[in-house]
Amino acid sequence: MARIFCIANQKGGVGKTTTCVNLAAALQEAGQRTLLVDLDPQGNATMGSGVDKRELALSVYHLLVGLATLDQVRTPSPSGGFDVLPANRELAGAEVELVALEQREKRLKQALKDYDADYDFVLIDCPPSLSMLTLNGLCAAHGVIIPMQCEYYALEGLSDLVNTIKKVHANLNRDLKIIGLLRVMFDARMTLQQQVSAQLEDHFGDKVFRAIVPRNVRLAEAPSHGMPGVVFDRNAKGAQAYMAFAAEMIERMKTL
Ligand code: ADP
Ligand code: MG
């Protein structure tokens, strides 16, 4: 059975896409059959996987509105080896079109159902909003992975997200739980980051992943080469951290 996870945080620029692409590549490399679902009309996860969003005949948009099957839309990441349900600007239109459809927040869940046996992990890259697209991600998932920077305001934003997840759990998806918080773009030289990191551990205990992703320029450079950071420069500190995170996820799956 595929384990389905949303990478979510309603803030932009917090490392969702970087986490999704690198975790997908690291899991695939570790022998886990992985599907990355790009639910952000910006298509950054698509490009970062080495799939050109400007040349898509079919995208996750067509899947959500019922114009294509998953098998028609999925395409292999040439650099990462995992499968991708790619996205581009067209997906922004789905937001409006979905409103008129039946079971509008369960379209992705339905679409994934028949392909459950094809994957060990499905990772959904959510847009930076609590929109109908994010809702589709949350309804399809077993759990949420929350990447966050250890900044003062990060904790404030977190309570909004936690409340949304609670509501979805209560009303739409009984399976949904928070798998964990991943500290990203971490700079150990900054006292504030150390403090927020310690606070997170105090409040959330073992919901905080052990792996910590440092701020690392090689991770930021990789997308312009159409590669996950873990493929672009596997020895870089950032890549090593994502590989450790993948190992931690595989380990956690045994206890879920
Ligand atoms: P989101 O998907 O939440 O908007 P991204 O993953 O696109 O965030 O990251 C925002 C920016 O920060 C991107 O330019 C990305 O390359 C960069 N970035 C992400 N993680 C790191 C990191 N650990 N070190 C350095 N840069 C990073
Ligand atoms: Mg993103």
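Excluded from the calculations below are hydrogen atoms, water molecules and symmetry mates; all remaining heavy atoms, backbone and side chain alike, are included. For ligands, and for the atoms within them, numbers begin at 1 and follow the listed sequence.
Met1 places a side-chain heavy atom less than 4.5 Å from the side chain of Asp116. Proximity of Ser59 to His62: side-chain heavy atoms (C-beta onward) are separated by under 4.5 Å at one or more points.
At least one N/O/S atom of Thr17, whether from backbone or side chain, sits less than 2.8 Å from the Mg ion (ligand 2).
Checked against a 3.5 angstrom limit, the closest N/O atoms of Gly13 and ligand 1 fall inside it. The shortest N or O to N or O distance between Pro223 and ligand 1 is not below 3.5 Å. Below 3.5 Å of separation, one finds an N or O of Thr17 facing an N or O of ligand 1. Any N or O atom pair closer than 3.5 Å counts here, and Arg215 shares no such pair with ligand 1.
Among the candidates Asn173, Leu130, Leu172, the single residue satisfying the side chain to side chain contact (heavy atoms under 4.5 Å, CB included) test with Leu135 is Leu172.
The part of Pro214 lying near ligand 1 is the backbone, judged by heavy-atom distances below 4.0 Å.
In terms of protein heavy-atom proximity, atom 26 (N) of ligand 1 is closest to Ala220 CB, 3.7 Å. For atom 6 (O) of ligand 1, the nearest non-hydrogen atom of the protein is Thr18 OG1, 2.6 Å. Closest to atom 12 (O) of ligand 1 among all protein heavy atoms lies Met185 CE, 3.7 Å.
Nearest heavy-atom pair, Val184 versus Val14, reported as atom, atom and distance to 0.1 Å: CG2-O, 3.1 Å.
Within a 4.0 Å radius of atom 14 (O) of ligand 1, the protein contributes no heavy atom.
Salt bridge annotation for Asp40-Lys16: absent, with no cationic side-chain nitrogen under 4.0 angstrom from a carboxylate oxygen.
Distances from ligand 1 to the non-hydrogen atoms of Val213 include at least one value under 4.0 Å.
Side chains of Thr46 and Asp38: a donor-acceptor N/O pair is present below 3.5 angstrom, by distance only.
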